[in-house]
Each structure stands twice: as structure tokens, then as C-alpha cells.
Amino acid sequence: MVAATGHADTTVGHGELVKAVDRALTGYGRALLTGPAGAGKTEVVRALAAAAEARQDSVLRLAPEAADRWIPEASAAALLASVPAAALERLSGPQRTAIALLRRETDAPRAGRDHVALRLAVVEVLRALAARSPVLLVLDNAQWLDAESTDLLRFALRLTPPGVRVLVAECVQGGAPVAEPLCGPGTPEIRVPPLGADEVAELLVRRGLPARLAGRIHQASGGNPRLALALGHSLAEAAGTRDGGAHHADPLPVSGQAREVARRLLAAVPVEARRTLLLAALAARPTTALLRRAGRPHAEAELAVAERAALVTVGEDGAVAFSAGALPTALAADAGWPERAAGHAALAAAVADPVQAVRHRALAVDTPDQWLAAEIADAAASCRRRGQRALAAELGLLAAERTPAHLQGEEMARLVGAAEDAGWAGRADLARRATRAVLARDSSPADRVRARLAVIDAAGQALADLDETFAYATADAEGDPALQAAVRLRVAWKRNLSDGDPVRSRDAAAEAGALAATGGDQVAEAMALTVRARMGRILGDPDAEEILAEALALPAPEVPLGMRNAPQYLAVRHALFDDRLGDARRQLLVLLPAVQRTGSAEDVFEVLRSLTEVELRRGRCAAASAHARRALELTIEAGLSPGPAWYVAAMAETMGGSFARAAGYARRGIQASEEERDQVFLSRSLHALGLVELATGEAAKAVATLRRVAELEAAQQVVDPSILRWHGELAEALVAADAPDEAAELLAPVRATALALGRTSVVAALDRARGLCLSARGEAEPAVSLLQETERRLAELQLPLERARTLLALARVERRRRRRAPARDALRAAAEAFAQAGAHPWAELAREPSPAETGSPYALAALTEAETRLALLVADGASNQEAAAKLFVSVKTVEARLTRIYQKLDVRSRAQLATTLRTR
């Protein structure tokens with residue numbers, strides 16, 4: 001038997017596909033599984049074969065390799081070698097002889113063999129196996145079947161009984177498929193789809209690779225599992241050999257195993273098609289028309305071959321897009337310099353964009369040229385004005401490389417400018433490359449500082465590993481107040497983001513502001529005041545708003561360090577925290593086109609994040625979800641740190657999508673933030689996960705998750721409860737976990753702080769949790785009164801989702817005290833409010849249970865989650881000691897809870913409890 005090799009060791013994301021293939025096999029008896037190399041066909045086949053074996057079916061496997069294609073009847077011999085000896089005993093003499101000769105003489109001349117007997121022998125073997133049990137014939141890598149085995153199997157499969165099912169998996173090639181003629185016309189063909197970004201994240205996590213890179217790996221692999229894993233391993237190797245590893249929007253290394261996988265994918269098309277693909281890989285925006293003008297007259301036909309092999313897609317307008325970002329990288333890397341230079345020269349004459357024409361002319365030569373360097377520098381300046389900062393950085397480096405040695409001043413200016421463009425664009429690879437060049441030359445301290453600051457700016461959320469860069473920048477900035485201010489400003493950002501220390505961040509910002517004022521840099525001074533105001537809000541400083549007003553009063557030119565760090569943007573965040581949602585939304589819609597013009601993907605993301613949060617607070621879940629999707633797409637496309645985007649997606653899904661998807665996004669956000677040591681968004685992703693766990697009834701998990709948030713917030717010295725509103729959720733989870741006293745202890749000081757700071761909507765959310773505490777303590781009337789009053793306040797504040805959650809809590813409290821009509825009214829009002837807001841998972845939670853679902857109406861709903869778990873254990877026969885051990889509580893706690901359960905359900909014994917649970 002020929003073994004299959006080189007497969008991607010995973011079935012992640014293919015659960016539904018396995019079911020679809022199984023349905024096709026059950027209904028039709030045949031199924032074709034197609035897809036490019038590495039798509040996961042082998043794993044799907046293995047899963048189906050394992051399921052068949054578990055049912056005691058006979059499974060015959062065949063997996064030829066590339067070399068077998070040229071050996072006549074090699075695959076037929078491998079198939080018959082796997083047949084049990086008992087199935088051969090009843091064959092006639094000529095049939096046994098034919099099989100024996102085939103087994104021994106696959107390399108011998110075929111002229112002396114009885115091919116008719118051999119064909120009949122295969123038919124009889126399959127019939128004999130089918131007589132004893134159902135048979136699954138699995139043929140993987142069908143594209144490597146030799147012609148003789150294909151012919152034999154085609155004959156045999158036409159005569160097999162219905163008990164023989166056939167699964168054929170074939171790698172998509174540029175030519176015609178071989179599997180369909182083998183199984184006959186009309187056979188269901190099922191294509192293995194590429195993995196989504198979520199599934200790539202799961203795949204990476206299973207293999208111990210960084211989940212924060214999932215978006216970029218998904219884009220580079222096109223969702224091909226084998227290529228995704230190879231890229232992940234290439235990244236891991238690169239991280240071990242390069243300072244700081246992979247950062248931010250660096251191109252992924254397509255080397256080693258990743259390049260081999262890409263080569264195998266590209267080998268599916270002939271040489272001429274690959275030449276056209278190389279030209280497309282070198283172009284910034286390839287189209288069929290451009291490729292024709294560049295010397296590929298048969299571009300459409302050659303791209304059609306590549307499209308059948310799932311390498312590219314060609315749009316109606318002729319735009320060419322590679323299915324995986326690693327493919328153009330591999331094509332360019334494998335081409336020799338003469339071939340690349342010729343391609344760039346052809347494209348330079350064919351493109352309409354003058355900037356791209358200059359770029360291609362620069363890449364077509366490798367010698368210094370003063371006039372070409374000046375042209376490239378002018379093109380970089382044009383890109384900078386258009387907000388195309390990544391392209392400006394690339395062109396700036398090219399301009400520096402083409403600058404003659406005697407123009408050292410121009411070369412240095414171009415290198416520093418390229419570094420700063422790269423920092424703005426988040427291209428850490430280009431920033432490091434430019435900075436290395438600056439440091440290798442006789443550069444001034446100011447140039448060294450500017451270059452190093454660009455490396456810091458390009459790192460995104462991952463500032464924790466840049467202590468050495470900060471140290472060198474600090475040393476070089478000595479004596480220059482403006483440069484010192486720029487360094488201290490970034491130190492302030494790091495203190496908050498990576499160190500989780502707002503006090504030290506505020507202090508560093510104060511130093512930066514004083515230095516900026518001395519150096520006459522009002523932009524840096526405004527941003528330093530912004531950091532102070534932001535940290536002041538976190539720390540509950542009543543002067544925070546005055547500091548922000550001082551920052552807003554300074555001149556506000558285009559901010560070179562990002563709108564996200566400007567006082568105008570912080571004012572929007574404060575409006576969101578204070579639930580001045582109309583003001584926040586209006587200002588964000590003004591900022592959105594402005595930040596899109598600047599070319600900073602991080603700025604655009606920040607505005608989209610805030611729009612998502614504003615729309616969720618306003619109860620417009622569909623609009624919030626649209627902004628969250630754009631934010632996630634932008635993050636993947638630009639290679640930004642994914643933790644913030646996954647948090648935003650988690651919150652949008654929590655309110656308006658799916659609790660399951662929300663939990664998945666939140667967990668990935670947690671992992672990515674932990675990997676990047678981003679304390680701020682680690683807290684936020686944990687909060688999102690805790691909210692999902694609370695909503696789905698997993699109170700114990702919610703308590704554990706939200707306690708982590710509490711610990712992080714305490715470590716970060718966060719005082720203002722309006723910034724991340726986790727306190728009410730943790731209190732509600734504690735109540736659900738039968739710890740109302742602890743919940744009350746949590747709420748009292750937070751509520752006092754919120755009142756002192758004037759955080760009205762925070763107080764209302766805390767009062768919802770306080771009402772549930774009162775109910776759990778048996779104070780039903782005060783609980784109902786408080787929840788009713790809270791619902792009215794939230795309606796006045798125009799916070800529809802908070803109001804609906806309060807109605808849901810009111811319904812639960814009324815239900816616990818057996819008041820059916822008020823409970824039903826509150827539940828219906830909550831359901832209507834959730835539905836109107838588009839909060840679909842919450843609307844489902846508020847759906848009134850039918851009598852068939854509840855048994856005796858409202859009886860079991862009177863139990864808390866902790867009481868329900870204990871009731872189920874006791875009903876299953878657990879003693880008090882056993883229940884205490886399983887629930888990790890004391891026996892006295894079990895006894896007290898059991899007493900309450902008996903009272904609520906009106907039962908007097910374990911037997912009555914078990915009967916009640918069975919009937920209800």
C-alpha cells in the first residue's frame with residue numbers, strides 16, 4: 001500500500017464538510033472530493049474512513065504518490081495487496097493467478113498477463129467483501145493514478161454492488177480531472193473550502209503557534225491549512241533569528257517549508273502560465289489588460305488555467321487576485337534577477353500610474369542613478385500626500401538605494417523619511433530596514449532618534465520588547481528638548497499599554513509636555529496633555545477634563561503621531577464614556593474620512609472601534625456589527641495587532657450576532673493580547689468573554705473570568721468605572737453563583753465612586769445588579785422597586801440595551817416569587833426592546849418559555865444556577881459529601897442550599913426532588 005505524505009495534520013473547520021461527503025456517499029454511493037494541494041482532503045478522507053471502520057464496515061484505502069503515475073498497474077497492485085486473504089480464497093484459478101502475477105510483477109512486461117481475469121478478480125473481491133458488510137473504497141490522490149489502474153478501476157466500479165461506496169479525493173490541477181470518469185457522470189463533487197480566519201486561528205493554537213498572527217497568516221495562505229501551518233513555522237523560525245521576531249504588518253517570511261508548499265501549488269500550472277503569474281506578482285494592481293500590454297498576449301487563457309487550479313481569481317473587470325498572498329512572494333523569490341528585472345521593465349512601460357511606472361523602473365535596475373533617485377523621491381512625496389504611507393516608505397528606501405555615494409545628505413534624508421513613513425504605516429520590517437541603514441552610516445543623533453522612534457511607532461501594541469530601542473533613543477535625544485519630548489511621549493504610551501501603569505504613564509506624559517513646551521513643539525505638547533487627561537480619567541482625577549480642554553485649546557495641525565493620540569479623539573472617547581452618544585457619533589463621522597485620508601490604518605481602526613461601541617450603546621446592533629466587520633477586515637489587510645479587533649468583533653457578536661462566535665473572538669483576543677502583553681485589551685477581551693458566559697448561564701466561569709478583569713484593573717489602578725463597565729457583570733455573576741453577599745460588597749464602593757464622579761448610567765447598571773442581590777437575599781419587594789426605577793432611568797438616558805437587560809432581570813425576579821403576569825409582561829417588554837435593537841441572542845434569551853419546555857411553569861426557574869447544579873447532582877443520587885466535593889463547597893453550604901431548594905420546589909425529600917426534576 002502506498003502511504004500518503006505531506007498532509008496538513010488537522011481537520012479544523014471541516015466538520016460540516018465531513019457530514020456533507022457522508023450524505024453524498026449515503027445517497028449516491030459515490031463522492032468526489034476536490035481541492036488544491038494542502039486543502040485538507042486527506043484528513044477529511046481519514047475521518048470518513050475512521051467513521052466507517054467504527055461501524056464495522058470494510059475499508060479499502062489507496063493513496064498513490066506522484067512516482068506511481070508512471071508505473072503501469074502500480075495502484076491496482078497496492079489496492080489488492082490491502083485486501084484480506086479470505087476475500088481471495090473463493091476466486092477462480094485464473095483470477096488468483098492474475099492477482100499473484102500483479103503483486104509480484106508490477107515492473108514486468110504486461111503482455112503475458114490475463115487482463116480480463118484480473119478485471120473480473122477485482123469485481124469478485126469487491127462483491128465478496130460487500131456480501132459480508134458494507135464496503136468503503138477510499139482513493140486519495142487520484143491525480144497520481146497510472147492509466148492502467150484507472151482503466152481497471154473504471155471497469156470494476158461499473159459492476160460493483162450497491163454495498164460498495166466509493167470516495168475519490170483529487171488534487172485540483174490545471175488540466176482535466178481524472179476522478180469524474182472513474183466514478184461516472186453525475187457523481188456529487190464536493191470542493192474542500194478554504195479555512196476562514198477564525199479556523200486558521202484555531203489551527204495555529206492547536207499547533208502552539210501565535211494566534212495573534214492568524215489574520216495575516218489567513219491572508220497569506222488563502223485559508224490553505226498546509227500553507228498556513230508552514231507559514232506559522234516559518235514565522236516561528238524567523239522570530240528566533242531576527243530581533244524581536246515578526247511585528248505588526250511585516251510581510252510573512254515565505255521560506256523553507258512555506259516556499260515548498262507554495263511551489264507545489266504553483267506546479268499545478270504549466271511554465272507559460274507561471275510566467276504570466278510572475279508578471280502579475282510583480283504588478284501592484286494586475287489586470288489582464290495590463291499583462292497583455294506588458295507582453296503576455298495569451299494572458300486570459302493562461303490565467304484561466306491558473307484559476308482552475310485555484311491559484312487566482314479574475315474579476316469581471318479583468319482584475320487579477322491571488323488566492324493566497326504567499327504565492328506572489330514565492331513567484332518573485334524563485335525568479336532570477338534577470339527575469340524580475342525584465343518583468344519590471346515591461347510593467348514600467350505598460351502601467352498608467354506614473355508612481356507605479358517610477359517604481360517599476362527603479363526595480364528594473366540595481367545601480368545608483370542621481371536623476372532616477374530624485375524621481376523616486378518625488379513619487380514617495382506624492383504617495384505621502386495621498387496617504388499611501390507604506391508605498392511611500394518602500395519608494396523612500398528605493399530612492400536611498402539608488403542615490404549615488406557622493407550625495408550622502410540626500411541619502412540620509414531619504415532613509416529617515418522612509419523610516420518615518422514606515423512607522424506611520426505600521427510596517428515594522430521597512431522601519432527596521434531603514435533604521436539599520438541610518439545607524440550603519442555617519443548619522444546625527446537627531447536622525448538616529450527619528451529612525452528609532454519610527455521602529456517604536458511601527459510596533460503597534462507590541463511595545464513590551466522594545467526597551468533597548470527606548471534606551472538608545474533616550475541617550476541620543478539628550479540635550480534636545482523636542483526630541484526628548486518625543487521619546488518621553490512614547491514612554492508614556494508604553495507605560496499604559498504594556499506595563500498597565502497609568503500613574504507612571506501620567507508622570508512620563510507630564511515630563512514630555514514640559515520638554516515639548518521648552519522645545520516649542522505644540523503638537524507634542526497637546527499629545528502629552530492628552531495622555532495626562534486619558535490617565536487622569538482612568539485614575540478618577542477630577543481635573544482630567546480641564547487638562548483635556550487645555551490640550552484642545554492648542555493648535556491642531558495634522559497630527560504626525562496619529563489621530564488616535566490627539567485630544568480631539570480623546571474628547572470623543574470621553575463623550576462615549578459619559579453616554580453623550582449623539583455627540584460622539586457626530587464627531588466620529590467627521591473624523592472617519594479625515595483619518596482615511598492620512599493613510600494610518602491604526603487611526604481608521606480606532607474610529608471604527610469607537611463607532612462600534614457607540615452604536616452598541618445606542619442599541620443599533622446592525623450598524624455596530626458593520627463597523628466591527630470593517631475594523632476586523634482592516635486589521636487583517638493592514639496587518640495590525642489583532643487583539644483589539646477581536647475584542648471589537650466579540651462585543652458586536654455578543655449583542656447582535658451569536659454568543660458562540662462572540663466567545664471565539666474573545667478567546668482569540670485574550671490570547672493575542674497575552675502574546676503581545678497588551679494589558680489594556682486583555683482586560684477588554686476578558687470582559688467580553690465574561691459577559692458571554694454570564695448571558696449563557698455559565699455563572700462559575702463568568703465569575704472566574706471577570707475576577708481576572710478585576711485583578712487587571714486593580715493592578716492598573718483604574719478608578720473610573722465608566723471606562724470598562726465590568727463591575728455590574730461580576731456582581732450579577734456572583735449572584736447567579738449563589739454569592740449575593742460578596743456581590744453586595746463589590747457594588748457598594750464602586751457605586752459610591754460612580755456617584756462622586758457623576759457617572760449616572762454606571763450607577764443605573766450597578767443598580768440592576770443591586771436589585772438582583774436584594775432578590776437573592778429574599779428582599780423581593782425592594783428588588784422589584786429598584787429594578788423598576790432603574791428601568792425608567794435607563795429609558796430616560798436612551799440606553800435601550802441596558803434597559804432591556806434590566807427588564808430581563810425584573811422578569812427573573814418576578815418569576816422567582818411566582819408572580820407570573822408581571823414576569824410575563826417584563827419578559828415581553830425585554831424581548832421587544834432586544835428585537836428592536838437587533839440584539840438577536842438576547843432576544844432569544846427573553847423569549848418566553850412554552851409549557852412544554854418548562855413542565856410546571858416557573859417552578860424550576862426559581863432556582864439559581866448553583867442551586868440547579870446541586871439539585872441535579874442530588875437527583876442523580878449524590879450524597880451531600882459527594883455533591884460538596886464536586887461543587888468545591890463545604891457540606892454545610894450544600895445543606896443550606898438543599899434546604900432552599902426544597903422550599904422553592906415545595907418538596908420534602910430527595911425522592912420527591914428527583915421526581916420533580918424528571919417531570920419538569
Side-chain angles (χ1 to χ4, degrees), residues 216 219-220 247-252 279-287 290 294 319-322 325 328-329 332 340 343-345 347-366 372-403 410-411 413-435 437 450-451 454-455 457-458 460 558 560-562 595-605 633-640:
R216 292 163 57 203
Q219 188 178 45
H247 285 81
H248 213 27
D250 299 11
L252 299 186
L279 211 57
L282 298 177
R285 292 179 294 277
T287 64
L290 173 63
V320 180
F322 283 89
T329 305
R340 288 199 305 274
H344 283 299
L347 288 166
V351 295
D353 183 355
V355 169
Q356 286 299 324
V358 171
R359 172 178 169 271
H360 285 302
R361 283 198 290 117
L363 291 169
V365 298
D366 61 351
L372 177 59
E375 275 192 89
I376 303 169
D378 288 344
S382 174
C383 290
R384 197 174 299 119
R385 288 192 298 271
R386 287 192 270 175
Q388 299 172 320
R389 300 302 280 261
L391 181 55
E394 181 189 345
L395 290 169
L397 278 167
L398 275 173
E401 290 168 2
R402 301 296 181 266
T403 302
E410 290 185 17
E411 181 194 32
R414 288 163 183 169
L415 285 172
V416 173
E420 291 180 330
D421 283 328
W424 180 280
R427 285 292 300 272
D429 59 320
L430 297 179
R432 287 195 304 271
R433 189 172 136 201
T435 300
R450 289 170 63 193
V455 171
D457 293 341
E558 181 180 346
L561 295 177
V595 295
Q596 287 173 329
R597 285 194 299 270
T598 67
S600 170
E602 282 190 298
D603 281 351
V604 177
F605 168 80
E633 289 165 3
L634 174 67
T635 294
I636 293 171
E637 179 184 341
L640 304 179

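Side-chain atoms are counted along with the backbone in the values below, which use heavy atoms only and exclude waters and symmetry mates.
Residues Arg386 and Val355 meet the side-chain proximity criterion, which asks for heavy atoms closer than 4.5 Å. Using a 4.5 Å heavy-atom cutoff, the side chains of Val320 and Thr287 are not in contact. A 4.5 Å side-chain heavy-atom check between Glu602 and Asp457 finds every atom pair outside the cut-off. Side-chain atoms of Leu363 and Leu282, non-hydrogen and from C-beta on, never get closer than 4.5 Å to each other.
Heavy atoms only, all atoms of each residue included: Phe605 and Leu634 are closest at N-CD2, 3.5 Å. Of all non-hydrogen atoms in Leu415 and Leu397, the two that sit nearest each other are CD2-CD2, 3.9 Å. Nearest heavy atoms, Ala390 versus Ala425: N-CB, 3.5 Å. Nearest heavy atoms, Val351 versus Gln356: CG2-C, 4.0 Å. Closest approach of Pro328 to Phe322, counting heavy atoms only: CD-CG, 3.6 Å. Heavy-atom minimum distance, Ala283 versus Leu290: CB-CD2, 4.0 Å.
A distance-only check finds a donor-acceptor pair linking the side chain of Arg340 to the backbone of Ala332 [under 3.5 Å].
Considering CG of Leu347 and NE2 of His344, their distance stands at 7.5 Å, rounded to 0.5 Å. Between Leu372 atom CG and Glu401 atom CD the span is 11.5 Å, to the nearest 0.5 Å. Atoms CD and CD, from Gln388 and Glu394 in turn, are 11.5 Å apart once rounded to the nearest 0.5 Å.
The side chain to side chain contact (heavy atoms under 4.5 Å, CB included) check on Ala422 picks up Ala393, Arg427, Leu430, Ala431, with sequence neighbours excluded. In this structure, the salt bridge (charged side-chain N to carboxylate O under 4.0 Å, His left out) partners of Arg361, at least two apart in sequence or on a different chain, are Glu375. Residues meeting the side chain to side chain contact (heavy atoms under 4.5 Å, CB included) test with Ala381, sequence neighbours left out: Arg384, Arg385. Residues passing the side chain to side chain contact (heavy atoms under 4.5 Å, CB included) test with Ala345, sequence neighbours excluded: Ala364. For Arg285, the side chain to side chain donor-acceptor pair (under 3.5 Å) partners at least two apart in sequence or on another chain are Asp353. By the side chain to side chain donor-acceptor pair (under 3.5 Å) test, Thr403 is found to be paired with Arg414, residues two or more places apart in sequence or in another chain being considered. Every residue was checked against the salt bridge (charged side-chain N to carboxylate O under 4.0 Å, His left out) condition with Arg402, not counting sequence neighbours, and none meets it.
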